[in-house]
Amino acid sequence: MDTPHEANPQARGADDPGPHSPVLSAQFPSSVKPPDSDHGNVFNFWFPFDQAHMREEKGGWAREVTVKDLAIAKEIAGVNMRLKAGAIRELHWHLPAEWSYMLYGSARITGIDTEGRDFVADVGVGDLWYFPAGIPHSIQGLEPDGCEFLLAFDDGGFSEYDTFQVVDWMAHTPRPVLAKNFAVAEDAFARMPTSELYIFPGHAPPPLGEPVQGTVPHPFSFRLAGRPPDYALPGGEVRIADSRNFKASITIAAALVTLRPGALRELHWHPHADEWQYWIEGQGRMTVFAAHSQARTSDFHPGDVGYVPRSMGHYVENTGTSDLRYLELFRADRYAEISLARWLAHTPPELVAEHLKVDAAFLDALPGGPRPVVPG
Ligand code: MN
Ligand code: MN
């Protein structure tokens with residue numbers, strides 16, 4: 001391979017004649033040959049679902065990325081799940097709140113709130129759902145080919161396998177107590193399974209009259225990808241879902257970002273929460289600035305999780321030849337950011353010039369308003 005190392009003996013680094021995976025090396029150029037601006041020993045902020053253990057069940061599968069896999073990801077844990085048509089994620093509830101983005105196919109979700117108000121909805125690709133902490137719910141794959149989705153919990157240490165499940169609970173309650181509770185004879189439970197079902201095959205349910213039904217005051221589902229963008233710019237689009245428009249989602253705020261080839265999600269940070277990313281399509285790189293001269297760049301591909309601790313500066317650049325689409329999630333009731341360019345635009349220009357030694361043309365070009373995406 002014709003590398004700068006061979007061309008110039010004074011260049012930093014050297015080639016890699018020893019053992020390595022050519023497939024992985026080719027996917028991670030920013031690790032193999034980091035930009036000269038990288039420095040220090042910044043924590044790892046990347047983990048791929050492709051490397052997460054697949055829990056296979058009859059009817060589907062699940063895999064998770066928690067702090068056990070990605071130590072820095074303390075505020076949010078993620079799950080990727082597939083349900084075949086008719087297959088059911090057992091009626092359950094859990095300690096953290098659950099946020100979801102539909103990646104493939106269609107699903108029916110159900111839940112009730114603490115006032116006993118009900119909710120049933122069908123969701124498709126690009127739709128969200130949110131179930132508050134402790135609220136019982138279910139998910140079922142619909143015809144023709146079920147669904148695949150991303151789950152995010154507002155606790156990085158939470159495991160999807162530590163949920164409270166309806167059959168599991170009832171199987172571990174004395175039968176006479178069950179009979180008393182439901183005012184039936186004990187033999188009513190003769191055919192009930194004796195352990196959790198988790199994911200199991202079922203029959204696809206009949207069509208819903210309306211795609212969203214029920215009496216909850218704020219629906220637990222939301223159309224994100226299918227709504228007009230909050231920002232439509234030459235370099236791409238941003239769609240935001242938080243408690244201002246998706247009123248049920250009080251602990252998770254989200255941005256769905258689309259970047260054209262070469263475009264940049266501009267230099268910025270988030271003052272209020274860590275950022276948990278899920279990369280949906282395309283490819284790119286991100287550099288995280290961790291203060292005190294420390295910066296690290298990593299490459300990302302579909303199915304990857306990325307993470308940026310609160311207030312650490314970062315950008316995302318589309319390094320591929322097709323659109324890059326990824327999710328930014330925050331454990332917060334609303335989306336918020338500080339843009340480097342906008343900050344400088346709203347700082348006395350002579351003060352900016354004292355720092356950066358830039359000329360008037362730079363200062364005049366600073367954007368006064370929001371400009372989250374810059375074309376390549
Ligand atoms: Mn759940
Ligand atoms: Mn960000």
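Worth knowing before you read on, the calculation uses all heavy atoms, side chains too, and leaves out hydrogens, waters and symmetry mates. Every number for a ligand or one of its atoms is a count from 1 in the order of the listing.
W169 pairs in a side-chain contact (heavy atoms from CB on, under 4.5 Å) with only one of the listed residues (T173, V166, V167), which is T173.
A cation-pi contact, defined as under 6.0 Å to the ring centre and within 45° of the axis, links R55 to Y198.
If you put the vertex on the Mn ion (ligand 2), NE2 of H314 and NE2 of H268 sit 80° apart, to the nearest 10°. Angle NE2(H94) to the Mn ion (ligand 1) to NE2(H137): 90° [nearest 10 degrees].
By the neighbour-count criterion of 12 heavy atoms within 6.0 Å, atom NE2 of H39 is sparsely surrounded, having that number or fewer from other residues, nucleotides or ligands.
L256 and M102 are assigned to two separate hydrophobic clusters, defined by single-linkage of ILVMFWY side chains at heavy-atom distances under 4.5 Å.
Between the side chains of E275 and H314, at least one donor N or O lies within less than 3.5 Å of an accepting N or O.
For a distance bound of 2.8 Å, the N, O or S atoms of E98 include one lying that close to the Mn ion (ligand 1). Distance check for E337 against the Mn ion (ligand 2): none of its N/O/S atoms falls below 2.8 Å.
Note on E275: its N/O/S atom closest to the Mn ion (ligand 2) is OE1. Distances from the Mn ion (ligand 2) to each N, O or S atom of H270 single out NE2 as the nearest.
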